[in-house]
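Inspection log for the structure reproduced underneath, given as structure tokens.
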Protein chains: 2
Amino acid sequence: MSRWEPDARGRLLRAALELFAEHGYESTTTAQIAERAGLTKTTLFRLFSDKREIVFQAQDELVALVKRGVDEADVGASPFELMVSGVRVLSGAHVDEHRRTGRILDPILAASPELNERAVFKRFALTVALEKALFNRLVDRWEAGALADLGIRAYYLGYDVWVASDGPAPLTSYVLEQVTHLQGAMQRVTNS
Amino acid sequence: MSRWEPDARGRLLRAALELFAEHGYESTTTAQIAERAGLTKTTLFRLFSDKREIVFQAQDELVALVKRGVDEADVGASPFELMVSGVRVLSGAHVDEHRRTGRILDPILAASPELNERAVFKRFALTVALEKALFNRLVDRWEAGALADLGIRAYYLGYDVWVASDGPAPLTSYVLEQVTHLQGAMQRVTNS
DNA sequence: AGTCTGACGGCACTGAGTAACATCACTATA
DNA sequence: TATAGTGATGTTACTCAGTGCCGTCAGACT
């Protein structure tokens, strides 16, 4: 018999989400989270860099995903196709469980300015990751930046629709639809 | 003779920037700032909502500026021209003193993750403000979003070049140059 | 059997931010 | 001229996120 129950991180995660849903993010203390998980504050801060990161723990993998999507695209793919490959792999990783989690998390997130700020930061990190990945594939500097904005915007727009809907369609299809909308908008708008 | 020295806010601001430049943002406490300004921590937090806002106090006016730029554009202006009008007014407000301030602030900002996060949030707020202003002028929803990304990106790219350079050219000229670059990039990239 | 390692607890601390109440020059009104 | 506000500041005491240091002990390793 081992000295401690396993999966400390998972227990903290579940405890935190329960408490956030019950009493809100701000009125839950880190000590309460640790206590419900059968641990102490010290351990919580060993496993999460700060309180906000408990909510966004999954987001860091996404950076690696966009990058991989761009890196794996066919040789000779156009800049636009490189970007699409990035957001395709990015959105492809979301299974249906993420939709349920999203429905719990989104209201908590909306109620806390602190969490909002972190969410925006994570979005920016994704944008920068996509921009860098595109730039590495020899896309022009301005093309890389503009395409990154477009792709990440499509991802977030698609995500919102996906979370709000109930259909069996995967996130990717919603995101690609948004990519098409934004592409059309940009074509119309940059000729004046 | 009045009971207190005037311009408490200004004194706090100057004290803070001095201390941040001397010892860095993180190792300066709010009590130290207040003390150098001849005030107390309480007053500091009455005048600034948190420690980060001391650095970004000027940013909130910018939101009003972009909005005004879009609102004031000619009737019959194209979506692209509406956006350009927004960033033109936005960047037009920066005088040479802002460049000096920027040179002091930028290294401080780069050294602190906390300030970085707030900076990204302010950028996002600007983007959202531009997007909403465009949408109010009957721009299509996707056009408004994509144009807002493009405009704010141009603003930040232009700002970086301006701060790094010494010429007499105003910020606006750098920003408009970036707008042109990004417009060309988007034209190339959205036809594949 | 002895030693090391790594995951956790305990404890005391710093510093941001909040809340409630006190102070007192100045102002307005009687 | 007395009196009653008003508003910007101070004082004190508090909560809570996050850090640092050290102690503990089961299991692994030799």
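Chain letters run A, B, ... following the sequence lines, proteins first and then strands; every chain starts at 1.
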For atom CD of A:Glu5 and atom P of C:dA7, their distance in whole Å: 17 Å

Over 12 non-hydrogen atoms of neighbours within 6.0 angstrom of OH in B:Tyr156: yes

A:Arg99/A:Asp96 salt bridge by N-O under 4.0 Å criterion: yes

Could you list all N or O pairs between the protein and nucleotides 19-23 of chain C that sit under 3.5 Å apart?
| from | atom 1 | to | atom 2 | distance (Å) |
| --- | --- | --- | --- | --- |
| C:dT23 | O2 | B:Arg3 | NH2 | 3.3 |

Between P of C:dC8 and CG of A:Asp7, the distance in whole Å: 10 Å

B:Thr101 (side chain) donor-acceptor with B:Glu97 (main chain) under 3.5 angstrom: yes

Whether B:His94 and B:Tyr159 hold their rings parallel, tilted or perpendicular, with breakpoints at 30° and 60°: perpendicular

Minimal non-hydrogen separation, B:Asn116 against B:Leu109, with atom names: ND2-O, 3.3 Å

Interatomic distance, A:Leu19 CG vs D:dA17 P [rounded to whole Å]: 12 Å

Any side-chain heavy-atom pair of B:Arg123 and A:Phe124 under 4.5 Å: yes

Whether over 12 other heavy atoms sit under 6.0 Å from A:Gln32 CD: yes

Short side-chain to backbone donor-acceptor contact, A:Arg188 and A:Gln183, under 3.5 Å: no

Contacting residues from residues 21-41 of chain B, given that a heavy atom lies under 4.0 angstrom of DNA chain D: B:Gly38, B:Leu39, B:Thr40

Side-chain N or O of B:Arg52 closer than 4.0 Å to phosphate OP1/OP2 of C:dG17: yes

